[in-house]
Amino acid sequence: MEFDPLKTRDPGRGLAHAPSYWAATAGEAPGDDGPLDGDIEADVAVVGGGYTGLSCAYHLAKAGVKVALLEANRPGWGCSGRNGSFSHGSLGRLAYGDWVKRWGVDAARALHGEAAAGYATVRELIAEGNIACDVTEGGYMKIAHRESRIDWLRDELAVLRDTFGANVELLDRDAIAADHFRGNEAFAALRHADAIGLHPLKYAQGLLRMARKAGAAVHSESPVGEIHRHGEVRVLVTPGGRVRAREVVLAMNGYGTEQNRATAGRLLPVLSNIVVTRPMTANEKAEANFVTSHMMSDTRKLLNYFRRLPDDRILLGNRGPLRPTNTEMDAHRTEMLGTIRRKFPALQAITGDYFWGGWVAITMDSMPHVATASDDAKLHYAMGYNGTGVSAASHAGRRLAERLTGENKIHPVLSRPLPRIPFAAFRRLGQAALFQWYRWRDERD
Ligand SMILES: Cc1cc2nc3c(=O)[nH]c(=O)nc-3n(C[C@H](O)[C@H](O)[C@H](O)COP(=O)(O)OP(=O)(O)OC[C@H]3O[C@@H](n4cnc5c(N)ncnc54)[C@H](O)[C@@H]3O)c2cc1C
């Protein structure tokens, strides 16, 4: 049974990584500062050792701030070490056209600029830290899974190209078959040139090295329980000791539990599962013409995301079951292999080597939030990436660090506090109903 953040009080302590392809291929983990042992002081205490926390700690330490990062399990244990590996200029779950409708052209342009800056941040960090994380250059394609979805791609293309000036193009089904893969459910593709694939855990471990080298203390196996308020000081309690800090950054994203007052009732953790197949044989690869190095997802609301890995395995991810019991997870693994066989008829004999899940943090407005708690000016958070955190979390950590060192570049749409989820106690029921509806819509014209 997977840990469920809505049902558990804490995220565990010192747990091993999920049994992912990434954990199996990351090599030896770099050292950290071990469990907190005794009481310490810091300018800023960061809770959570994923991209948000590590990037924030790195940028703060680089600016001369004394930082202590506290991670319940091990750096990269959450989404950051187990995700789908796509990095591009993405920011939340809305269509680009919806940004214009909701916030107007100027704000939409600024948000697109911020999304692109997030992608640039990832590339900069990789270059700055010389992080060997198996970067695959290529691009990203959003693929119409039914003919009726091509118009939607055209609308998105128009906004991206005409309003944002983005480097995008529309490919027809023949171009996809000739240059990327031969398969079903691929009627057209909106291709973004600026995107990479990377090894998510190696990237997280690179950030860990950078943060420590810059002077941040990174404590694994140190779950934060209570956070007490003593005037201007905040005291974070872990099993091995306390941290007294001037400011606190919460960076737990989908792995934060309902114990955290500032974010309780404001996130919907949704399980996303990934299957990684055995490597394709040379024949299978040739028959499927699966040569693309692009990251891809389809136009379903409950989307499938997929790519070819450098060793010719196929990675495919999609929304997991509502209840992560062993039985449901096993059934889902079988279903996902069925999805691969349906999409790529040449891969009928493909089998899975790795299968795992992780919690994506969904927000009410489908956007990330980089904000300060409404009742505590010393408590900040960055979370709710809606499945786009490789770039967005790396960048949010940086933006929060800039803010804490005196330069606020966070866009007002993103700096609003996380909106509350109405009737939050019944979140899973709402999710069940919504997913039923999406499932029905996704398979109709
Ligand atoms: C299966 C899957 C596929 C995904 N694919 C993609 C993708 O292809 N591209 C993309 O852009 N995004 C993707 N995402 C989303 C992306 O991985 C996340 O948005 C991003 O990693 C979030 O980083 P984070 O640092 O905010 O949180 P996390 O990496 O989740 O880190 C949070 C950490 O907080 C720790 N923690 C929690 N509570 C406490 C506590 N009380 N005390 C101390 N520590 C605590 C946890 O142990 C955890 O390590 C995917 C996510 C999943 C699950």
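For the numbers below, each heavy atom of this structure counts, side chains included, while hydrogens, waters and symmetry mates do not. Counting convention: from 1, in listed order, for ligands and their atoms alike.
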Leu271 and its side chain to side chain contact (heavy atoms under 4.5 Å, CB included) partner, picked from Arg319, His332, Met329: Met329
Give me the ring orientation class for Tyr96 and Phe164: parallel if the planes are under 30° apart, tilted from 30 to 60°, perpendicular past 60°. perpendicular
Can you confirm if the aromatic rings of Tyr119 and Tyr140 lie within a centre distance of less than 6.0 Å? no
At a heavy-atom distance under 4.0 Å, which protein residues reach ligand 1? Sort them by chain and number, would you? Pro11, Val47, Gly48, Gly49, Gly50, Tyr51, Thr52, Leu70, Glu71, Ala72, Asn73, Trp77, Gly78, Cys79, Ser80, Arg82, Asn83, Gly84, Ser85, Phe86, Ser222, Pro223, Val224, Ala251, Met252, Asn253, Tyr255, Ser272, Ile274, Tyr305, Gly358, Trp359, Val360, Tyr385, Gly387, Thr388, Gly389, Val390, Ala393
Is the ring pair Tyr255/Trp77 parallel, tilted or perpendicular, if the boundaries are 30 and 60 degrees? perpendicular
Whether the Thr388 and Asn386 side chains hold a donor-acceptor pair (N or O, under 3.5 Å, no angle test) is what I'd like checked. no
Determine whether the side chains of Ser415 and Arg403 contain a donor N or O and an acceptor N or O closer than 3.5 Å. no
